[in-house]
There are 2 protein chains.
Amino acid sequence: MKALIAEHPTSSERVRDALRAAHLYYMQDLTMEAIAAELHTSRSSVSRLISYAREAGLVEIQVKTPAERISNALQRVQEKYHVTLHVVPVPDSANEVDRLERVAMSAARILNPFFDSNMTMGIAWGSTISAVGRHLQPKVTHNSQIVQLNGAANTRTTGIVYASEIMSRFGNAYGAYVQQFPVPAFFDDPATKQVLWRERSIRRVLDIQKRMDVALFGLGTPLSDVPGHVYTSGYLDEQDFASLSASNVVGDVATVFYRADGSSADVPMNLRSSGPPLDQLARVSRRVCVVSGRSRLPALRGALAAHLITDLIIDEATVHGLLED
Amino acid sequence: MKALIAEHPTSSERVRDALRAAHLYYMQDLTMEAIAAELHTSRSSVSRLISYAREAGLVEIQVKTPAERISNALQRVQEKYHVTLHVVPVPDSANEVDRLERVAMSAARILNPFFDSNMTMGIAWGSTISAVGRHLQPKVTHNSQIVQLNGAANTRTTGIVYASEIMSRFGNAYGAYVQQFPVPAFFDDPATKQVLWRERSIRRVLDIQKRMDVALFGLGTPLSDVPGHVYTSGYLDEQDFASLSASNVVGDVATVFYRADGSSADVPMNLRSSGPPLDQLARVSRRVCVVSGRSRLPALRGALAAHLITDLIIDEATVHGLLED
DNA sequence: AAGCTACTTGCACATACGTGCACGGCGGTG
DNA sequence: CACCGCCGTGCACGTATGTGCAAGTAGCTT
């Protein structure tokens, strides 16, 4: 209940000491023992300082995959779709849940260097991105913002709690301003959307979306046995599914649907969805997609065909599935 | 699956395993024990794989200093000279040698993210940069090169062994092509330089120098009690020192001298030196200077005045000296 | 085929690191 | 002033990681 933002005189010094400790540890390879001596404190305090530095995002660790390490088949995929693959190693024995967790954790760390001060990141919230949100690495940024790409309300709830939970995790991790998007995921009537889209308060958000530097999204798939959040929580009804089926839809990004060839024009449902048009999305300079599980493969193929993705974070087993045709 | 018989790992497989282990360790926070289970090997092998990954530069660790952590005085320095400060913490008790070692180690790591594929780095070899060379973190790059900025020969030796030792350390660490510069550090006669500078083989090197993306240099100081390499190893004679003194020189970068106000025009010695003119150096997009020890302060002030530096790596004690005026 | 060299591997031990716990300082509260 | 709760600390212990060593293997040489 109380605001923890209080400024203890120690709080600022703690960061200073943590930075110093982290520098001595990571840049000068001193042991914690030696650092303790330099800081006139105990080794255990140094251990705590360094964990703090990591948790606070003062330390950034990247694992770099040299391009030539990637198999030829994957290189062809990369070139064909202008996408950078980030393959997450996961044991074949892992179940879907573990797999998603591990991909999400990796995604959170891979994402980190993509976002910085003065940038805007768009979030297409959903079950995959929610998992990513739970593993974010904090990072200090300034003048940055997080913008919600797709509405959250549905026929049962306003969805705001769930969506804003996700959004604020991102906001907190990066110290960024969070821009909510208080509209339904799908409108009942396209006309309502058109009218609402003329409102200045909404257009403000749409403008921010248009100018985002990074888009982060998972993939929805109406075909799956394990459907995404959007397909199980009362967002769509029988008729909607029929409509999607009739349009030969294979997946969606931020509630906007596309076909196997990547096209999304003339899909009636899109007139009612709250997310950004895919051709607009494709103009964002970095478009990060997180995928886990073979059930998303058809959706993934479509998204690649539509060139929606510049960085694909995907587990090993699924990327292998992508190569089998 | 082949069963128990150990397979002879090619170096390529080793890298693959190291990458996987590093990813699991740093991105997914698994313990080495757990990674060993996934890789069907022993924990100790995983420990070795991960050290290998670090040594091979597959893992990059950065400590980031949030801008607001820097004291106001230092911020003013940064703004005044358009320089980014990288302050290396070193205990006050450390002697000059330890201090240099630690600054050099930090410098090597700070440098790492500045250099990448398709780039050219110019090296002004000398005692400081030599120390940096001993601590380089390997990094895989392609189509990159290292170019020597100042000649090495003097009246006693060709200096090639020493200089090329330094150069090749950089080349090895980055997998970059090394471009030597086989000329004397200082010519006896300016005319000789002019003539030689018209040779195509030399002009090739000069052209590469002009197009470099990163310049790395220490500072020479003719005034110091602890003079730089150039001043102790037979590169200059009595008369030269007199000439420098008459020109009010406070320091040099790659054998090119400048005064306290940063000017370098009309310094006779510069007509004879092998390094790039300072106004040319100042056009390089990233210019990294490594400084350790208060004896270099006058030289540092001059180099800042000349705007030769975009990134200054400096120990704590020395940067404090910079503020005292 | 045997012998040699230059590896890599896993074990056992050594070292380094993380963390529960009890102590003590400090600020707020009655 | 006494009390209380909160927080940071160092200690001691448990866990995680690093490394010398002996054994084993592949690739060569003789």
Side-chain angles (χ1 to χ4, degrees), chain A residues 1-61 63 89 91 102 105 109 135 137-138, chain B residues 1-61 63 89 91 102 105 109 135 137-138:
Chain A
M1 293 297 181
K2 49 183 164 181
L4 294 174
I5 311 167
E7 285 276 338
H8 281 237
T10 48
S11 155
S12 150
E13 275 178 8
R14 183 173 178 78
V15 174
R16 224 166 52 90
D17 287 350
L19 273 170
R20 172 175 284 251
H23 188 113
L24 293 170
Y25 190 72
Y26 289 110
M27 305 287 258
Q28 298 188 18
D29 288 343
L30 302 196
T31 70
M32 294 187 179
E33 192 83 49
I35 297 169
E38 288 201 11
L39 298 192
H40 307 294
T41 181
S42 72
R43 192 186 53 71
S44 42
S45 293
V46 173
S47 170
R48 291 185 179 103
L49 278 177
I50 291 175
S51 343
Y52 171 75
R54 275 197 304 253
E55 281 159 25
L58 271 34
V59 176
E60 198 166 298
I61 301 182
V63 177
R102 292 175 64 159
M105 189 183 295
R109 313 225 175 165
H135 294 288
Q137 293 286 108
Chain B
M1 275 288 201
K2 287 192 182 172
L4 304 169
I5 309 298
E7 320 221 348
H8 36 279
T10 65
S11 91
S12 142
E13 277 177 356
R14 184 174 176 77
V15 173
R16 223 168 52 88
D17 287 351
L19 273 170
R20 172 176 284 250
H23 188 113
L24 293 171
Y25 190 71
Y26 289 110
M27 305 288 257
Q28 297 188 19
D29 288 343
L30 301 195
T31 70
M32 295 187 179
E33 191 83 47
I35 297 169
E38 288 201 11
L39 298 193
H40 308 292
T41 182
S42 73
R43 192 187 52 70
S44 42
S45 292
V46 174
S47 170
R48 290 184 180 104
L49 278 176
I50 291 174
S51 340
Y52 172 75
R54 274 197 303 254
E55 280 158 26
L58 272 33
V59 177
E60 197 166 297
I61 301 182
V63 177
R102 292 175 64 158
M105 189 183 296
R109 313 226 174 164
H135 294 288
Q137 293 286 108

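Please read all numbers here as calculations on a predicted model, not as lab measurements. Residue numbering restarts at 1 for every chain, and letters A, B, ... go by the order of the sequence lines.
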Got a donor-acceptor contact below 3.5 angstrom from the B:Ser51 side chain to the B:Ser47 backbone? yes
Where do B:Asp17 and B:Thr41 land on the side chain to side chain contact (heavy atoms under 4.5 Å, CB included) test, with the steps shown first? CA-CA 11 Å; B:Asp17 287 351; B:Thr41 182; over 6 Å; no
State which residues pass side chain to side chain contact (heavy atoms under 4.5 Å, CB included) with B:Ala37; sequence neighbours excluded, sorted by chain then number. none
Of all residues at least two apart in sequence or in a different chain, which pass the side chain to side chain donor-acceptor pair (under 3.5 Å) check with B:Arg20? A:Glu316
If you look at every heavy atom in B:Ala21 and B:Ile35, which pair is closest and at what distance? O-CD1, 3.7 Å
Roughly, in whole Å, what's the span from CZ in B:Arg14 to P in C:dA6? 18 Å
Heavy atoms only: give me the nearest A:Pro138-A:Glu55 pair and the separation to one decimal. CG-O, 2.7 Å
Rounded interatomic separation in angstrom, taking CG from B:Leu49 and C1' from D:dG18: 14 Å
Is any side-chain N or O of A:Arg54 closer than 4.0 Å to OP1 or OP2 of C:dG18? yes
If you look at every heavy atom in B:Tyr26 and A:Val63, which pair is closest and at what distance? CB-CG2, 4.1 Å
From CD of B:Glu55 over to C1' of D:dT19, roughly how many Å is that when rounded to an integer? 13 Å
Side chain to side chain contact (heavy atoms under 4.5 Å, CB included) between A:Val15 and A:Leu58, worked out: CA-CA 9 Å; A:Val15 174; A:Leu58 271 34; 4.2 Å; yes
Closest contact, heavy atoms only, B:Pro89 versus A:Leu24: O-CD2, 3.7 Å
Expected output is a numbered-order residue list: members of residues 23-33 of chain A with a heavy atom under 4.0 Å from any atom of DNA chain C. What is it? A:Tyr25, A:Thr31, A:Met32
How many whole angstroms separate atom CD1 of A:Ile50 from atom C1' of C:dG18? 12 Å
Residues passing the side chain to side chain donor-acceptor pair (under 3.5 Å) test with B:Ser44, sequence neighbours excluded, are B:Ser42
Looking at every non-hydrogen atom in both residues, tell me the closest pair between A:Leu49 and A:Ala18 and how far apart they are. O-CB, 3.7 Å
Listed in order of residue number, which residues of residues 38-48 of chain A have a non-hydrogen atom at under 4.0 Å from DNA chain C? A:Arg43, A:Ser44, A:Ser47, A:Arg48
Using five pairs at either end of the helix from C:dA1-D:dT30 to C:dG30-D:dC1, determine the angle between the two local helix axes and round it to 10 degrees. 10°
